[in-house]
Amino acid sequence: SLDALVASERKIPALMAVVDLSGSLTGDPCLRVKGAVTSFLESFARESSRYYASTVVFNTGIERAVGFSPSVGDAVQAINSIDCRGGSAV
């Protein structure tokens, strides 16, 4: 039934990684942040067979790197494709 479907969907965990990739993190600090977020997302995926992951990145602006997706790989790819640059838009 629709009620059962809605109830089962509510139990799916969702994670949004909000990541500072501003210019103050250029070089090695940027790589460490990306590595830490990647490890966290991969760990989350190992703990749950069904999940949604999303990534929001901020530097000179705020952007949703990837919307909620049932693939942690999408979030990891988005994080690794963004360069650290600019100031923090906080």
Hphob cluster co-occupancy, L31 + V57, side-chain heavy atoms under 4.5 angstrom
no
Under the side chain to side chain contact (heavy atoms under 4.5 Å, CB included) rule, what do T38 and N80 come out as? Steps first, then yes or no, please.
CA-CA 9 Å; T38 296; N80 287 326; 4.0 Å; yes
With disulfide bond (SG atoms under 2.5 Å apart) as the rule and sequence neighbours excluded, what pairs involving residues 25-59 come up?
C30-C84
Heavy-atom side-chain proximity of V56 to V19 below 4.5 angstrom
no
T55 and M16, any side-chain heavy atoms less than 4.5 Å apart:
no
At what distance, to the nearest 0.5 angstrom, does CG of L15 lie from CG of L41?
5.5 Å
Report the residues that fulfil side chain to side chain contact (heavy atoms under 4.5 Å, CB included) with P70, sequence neighbours left out, ordered by chain and then residue number.
Y52
Residues forming a side chain to side chain donor-acceptor pair (under 3.5 Å) with S39, sequence neighbours excluded
none
